[in-house]
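Just so it is clear, the structure is predicted and the values come from calculations on it, not from any experiment.
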Amino acid sequence: MAKVWIIALFVLFNLEQVVKGYLFPIEPRGPLAGNQPPPGSVWPLPQEWHSKSELVAIGKECDFEYVLNVKNCEPLDWAVEKFNYKFLFGSQLVVPEPGLPLLTTVFVNISKGPENLCDKFPNFSKNSTYESYDLRVVAHNQTASVVIEATTVWGALRGLETFTHLLHTKNYEEEELHYYANVTEIKDWPRFPHRGIMVDTARHYLPVSTLIDILDAMFHNKFNVIHWHIVDDQSFPFVSKRFPDLSAKGAYNNKAIYSPEAVHLIITQARLRGIRVILEFDTPGHSGALGRGQPAILTPCYGDGETPGTPNYPEHAAYENVDPTKETTYEFMRELFTEILEVTEDEYVHLGMDEVYYPCWNSSPAIKEFMKENGYDNLTDVQDHYTKRHLQIVSDLGGKFIIWQDPIDAGVNVSLRAVIQMWKDYNEGGWENDTQKTLDMGYQVLISAPWYLNYINYGQSWRSYYEVDPVLDLKHRTPGQEDQILGGEVCMWGEYVDTTNVVPRLFPFASAVAERLWSAANSSTTDDAMWRLDEFRCRLLWRGIPAQPILNGYCGPWEVDGIK
Amino acid sequence: MMTNNLYLDTLNVHLMSPCEPMPHDKMDESYEVKINSPDYPGQGLIVASTNWGILRALETFSQLLHPNSDSTSLQVKSILIVDYPRFPFRSFLLDTSRHYLPKKIIYENLDLMAMNKYNIFHWHIVDDESFPYQSTTFPILSEKGAYHPYTHVYTQEDVQDVINYARLRGIRVIPEFDTPGHTLSWVGIPKLLTTCYNETTGEPDGKLGPIDPTVPANFVFLRKLFQEIATVFPDKYIHLGGDEVDFSCWKSNPEIQDFMKASNFSTDYSRLEELYMQNLVDEIQSLPQNKSILVWQEVFDNGVEMDSNTVIHVWKDKESMQELANVTAKGYRAVFSACWYLNIISYGVDWVDYYNCEPHNFTGTARQKKLILGGGATMWGEYIDSTNVISTTWPRAAAPAERLWSAATVNDTEEAAPRLEEHRCRLLQRGFSVSPPNGSGYCRYDWN
């Protein structure tokens with residue numbers, strides 16, 4: 001027995017190359033910068049994490065179980081089924097290392113009352129306990145257990161995800177693998193309540209299975225919002241029951257659609273992962289496809305100066321921007337958004353409002369007439385008119401809204417109840433300056449401008465995403481304004497992206513943003529994070545998510561046979 | 001004479017000469033496709049001198065088929081095509097050292113290459129980071145140098161499988177074993193790599209550098225290794241690399257310093273590099289297989305004397321056209337990759353830049369232009385592995401493919417864009433994860 005202990009100790013002290021990812025520097029002229037963390041590191045980095053060198057061992061499948069204190073909590077049941085033994089450890093034989101306490105049980109304890117939110121859809125909350133959790137890996141002599149405690153089911157989901165990162169192994173060669181976890185105490189909660197990814201299914205259709213793949217990867221990164229930019233100029237795949245022509249005439253083809261069942265499926269699958277679905281129906285610009293299915297919704301442009309519905313390329317098309325002059329426009333919007341608000345389970349809906357180009361309105365005598373009638377001096381007033389009415393309609397229907405920053409930039413008077421999403425990086429002073437101005441006006445904001453992951457370039461772009469700080473980068477902020485920064489979103493616009501490349505393009509670069517939005521500010525240098533990100537990338541790969549590499553290297557012998 | 005309901009139910013294939021088993025540098029890839037042509041009414045024919053031409057013709061024929069408007073049948077236009085490549089050397093480089101690429105990914109890439117009429121797989125098989133090639137003469141190279149000695153290697157069987165898969169598609173495999181730099185993974189051979197010294201302490205600093213050219217045993221090793229490589233890889237050409245040799249380690253090593261003095265090289269380390277390449281080339285050229293050699297441009301730039309049959313691979317973007325002029329002025333043949341580094345990704349419609357790159361755009365005589373054998377696109381592997389190699393490479397690599405095959409006058413990107421879009425959708429339909437190259441849109445076929 002003593003011999004086994006000595007060997008075990010010897011092996012324990014030789015833990016250098018045991019991480020799940022192996023990184024090699026580009027042009028190896030020297031060692032990679034940063035400190036390699038011990039194996040079983042968590043991404044995103046927890047707020048408070050005390051790990052001991054003491055290990056516990058995982059046993060065979062029959063010796064491992066989850067014990068939940070609340071039954072029939074659907075997302076929790078889903079999560080422990082997902083994190084089943086096979087998912088975590090693969091199909092190789094796992095044998096507990098003798099002499100170490102055997103980890104047999106993962107206890108998940110949430111509130112027993114309705115405050116556990118098991119029956120609810122996740123929503124926006126600034127409440128500090130909404131996604132917080134405590135996690136302990138404790139050893140008691142010969143056995144060990146994990147205890148995850150959270151108020152809500154969402155906290156429990158975050159805790160379970162963290163638990164799965166703590167598991168590590170040394171050597172994939174062995175016939176019998178040893179898996180371990182360190183004795184650990186974690187207290188964790190997100191720095192920002194809104195941590196999202198925006199997907200664009202209008203420029204290229206994304207099949208439902210791809211959206212679910214993205215939700216899975218988001219789940220592992222503790223993202224909690226999917227902002228679904230579902231329609232745009234190019235196509236309208238959303239099937240509306242009230243207005244079936246919208247997709248019948250607006251979708252790319254009759255297969256590239258999202259039926260009500262499909263939308264509902266995405267929303268319910270997102271819920272299981274603690275992810276909100278925020279639908280965006282962008283108006284008055286970005287509405288070309290809307291015009292195909294809804295006659296007379298778009299403003300006719302006068303390209304030739306006299307005929308409505310004539311283009312003047314490249315200034316404007318034949319029809320552009322939702323027509324603000326017609327009452328039928330607002331009746332349509334009221335009906336459409338009644339349906340949208342029935343479909344969505346989130347309190348918020350995204351109303352777009354970006355890139356409202358003026359040349360079409362400028363060419364139209366009808367618009368001129370409209371301006372005269374209303375005493376408007378310029379087109380900004382027209383945009384203001386539409387914005388106000390549209391926001392009022394949605395507000396009257398009980399919806400809360402997020403809009404892009406454009407109306408604020410144009411001086412439109414937007415209610416302070418709107419959340420403003422910052423996306424521009426090209427104004428003077430950059431997104432930081434735009435954001436500061438918006439905060440000074442009193443708005444709540446979401447940051448996306450530095451996180452346009454569709455703007456690919458060569459090399460380690462994830463570093464620049466990681467080094468953005470949505471609060472600390474605002475050098476002129478005043479105390480209290482920090483509360484107005486609700487979080488941020490990765491944007492993956494779809495011009496050059498579809499199911500063939502969206503997942504590797506999103507991950508693991510989006511993981512850099514995931515950590516920035518969850519973890520404490522300045523909790524890791526970029527160089528140190530690189531090692532942890534590589535280990536996490538390999539974990540995603542192990543789980544069947546084709547996250548692309550961040551540097552030379554490999555993940556492990558298992559990667560050659562294809563992802564599991 | 002011709003009715004509206006003409007059915008093509010037979011495609012006649014005429015091979016005009018005996019079947020050649022291995023693709024080679026002088027192969028004739030020309031062919032004709034005739035569908036209901038005036039000299040062959042109501043029938044379909046492909047005819048080529050060689051089986052390689054037949055392969056190219058079949059690919060072309062497959063691209064002529066298109067569905068009718070309600071997708072109930074396939075159609076093909078009456079047509080007469082006479083086709084042949086503008087350049088005989090049309091290569092695609094995969095890097096299996098920075099990241100290991102499983103054989104099935106290499107196969108997928110070879111399929112896509114064939115569909116784009118690429119005819120050379122430039123296999124950059126080993127480099128600093130890993131040595132996945134399992135050598136029978138020196139098994140220690142992959143034992144110590146591969147990322148993993150069992151799973152992340154190419155066995156002899158794997159290598160022959162790849163060569164055969166390529167062969168059946170009319171694709172040659174040119175291996176590159178890059179030396180003397182880019183060799184840090186070759187640690188398995190003792191004393192092969194230069195020991196670097198700390199200049200202050202005079203002690204080794206723990207790092208290793210390029211192959212040490214002052215150790216005669218190293219050339220014995222290299223000869224044995226390349227003897228094996230020359231047998232394993234049947235193509236006439238071997239790529240010897242020779243790029244980016246960092247002199248700092250050589251400079252720091254006292255034994256090499258002594259050697260430099262004794263050889264009267266003074267402090268000109270490019271002369272030491274020249275000595276290395278010279279010795280290596282001499283070894284290769286004395287091998288019985290009579291191989292021809294490709295080297296990266298540094299070997300030429302640094303004044304190494306080479307056999308006039310050596311092909312110079314121009315890769316540096318800066319003044320690349322001037323380099324082509326210089327190389328061909330000296331009478332060497334060249335292949336061009338400088339503008340086709342597909343691993344350097346960027347946002348948007350970047351295939352246009354690859355399409356617009358013209359290998360003959362340098363000032364030189366017609367004779368010089370003839371010395372350009374062609375070129376190749378590269379997909380270096382620092383940020384590329386099986387999760388993203390296919391979607392990053394294709395269909396962007398279709399742009400150099402057309403530049404290298406089609407006539408120089410076929411250079412209008414506006415005309416090419418919709419054709420590339422159709423080509424992308426075709427490759428997608430064939431089951432390959434090929435990205436959207438032109439912006440928003442969709443392909444007209446069933447979603448799964």
K.L.:
For the rings on A:Tyr554 and B:Tyr100, is their centre-to-centre separation under 6.0 Å?
P.N.:
no
K.L.:
To the nearest 0.5 Å, how far apart are CG in A:Asp200 and OG in B:Ser440?
P.N.:
7.0 Å
K.L.:
Could you measure the distance from the OG1 atom of B:Thr387 to the CD atom of A:Glu559? Nearest 0.5 Å is fine.
P.N.:
9.5 Å
K.L.:
Go through the atoms of B:Ile384 and report whether side chain, backbone, both or neither lie under 4.5 Å from a heavy atom of chain A.
P.N.:
backbone
K.L.:
Please round to the nearest 0.5 Å and tell me the distance separating atom OH of A:Tyr458 and atom CD1 of B:Ile344.
P.N.:
5.0 Å
K.L.:
Take B:Leu428 and A:Thr500 through the test side chain to side chain contact (heavy atoms under 4.5 Å, CB included) and record every step on the way to the result.
P.N.:
CA-CA 9 Å; B:Leu428 192 65; A:Thr500 59; 3.5 Å; yes
K.L.:
Could you tell me which portion of B:Ser435 (side chain, backbone, both or neither) has an atom closer than 4.5 angstrom to a non-hydrogen atom of chain A?
P.N.:
both
K.L.:
Measure A:Ala202 against the heavy atoms of chain B and call it side chain, backbone, both or neither at under 4.5 Å.
P.N.:
neither
K.L.:
Rounded to the nearest 0.5 Å, what separates atom CG in A:Asp498 from atom OG in B:Ser433?
P.N.:
8.5 Å
K.L.:
Taking side chain as C-beta onward, heavy atoms only, is B:Arg444 less than 4.5 Å from A:Asn253?
P.N.:
no
K.L.:
Name the option with the most non-hydrogen atom pairs under 4.5 Å to chain A; the candidates are B:Leu101, B:Val349, B:Ile390, B:Val389.
P.N.:
B:Val349
K.L.:
Could you look at A:Val502 and say if it's the side chain, the backbone, both or neither that has a heavy atom under 4.5 Å from chain B?
P.N.:
neither
K.L.:
Using non-hydrogen atoms only, which part of A:Pro549 is less than 4.5 Å away from chain B: side chain, backbone, both, or neither?
P.N.:
both
K.L.:
What part of A:Asn454 is in contact with chain B, defined as an atom under 4.5 angstrom from a non-hydrogen atom: side chain, backbone, both or neither?
P.N.:
both
K.L.:
Between B:His99 and A:Gly553, what is the shortest heavy-atom contact and its length?
P.N.:
CD2-O, 3.0 Å
K.L.:
Hey, what do you get for CD1 (B:Ile345) to OH (A:Tyr496), rounding to the nearest 0.5 Å?
P.N.:
14.0 Å
K.L.:
Ring centres under 6.0 Å, that's the criterion: do B:Tyr442 and A:Tyr205 meet it?
P.N.:
no
K.L.:
Taking side chain as everything from C-beta outward and backbone as N, CA, C, O, which of these in B:Asn438 sits under 4.5 Å from a heavy atom of chain A? Side chain, backbone, both or neither.
P.N.:
backbone
K.L.:
So, taking the atom named CG in B:Asn388 and the one named CZ in A:Arg505, what distance separates them when rounded to the nearest 0.5 Å?
P.N.:
9.5 Å
K.L.:
Side chain, backbone, both or neither: which part of A:Gln234 has an atom under 4.5 Å from a heavy atom of chain B?
P.N.:
side chain
K.L.:
Give the minimum heavy-atom separation between B:Gly441 and A:His204, together with the two atoms involved.
P.N.:
O-CD2, 3.1 Å
K.L.:
Closest approach of B:Glu382 and A:Asn552, non-hydrogen atoms and distance?
P.N.:
CA-OD1, 3.2 Å
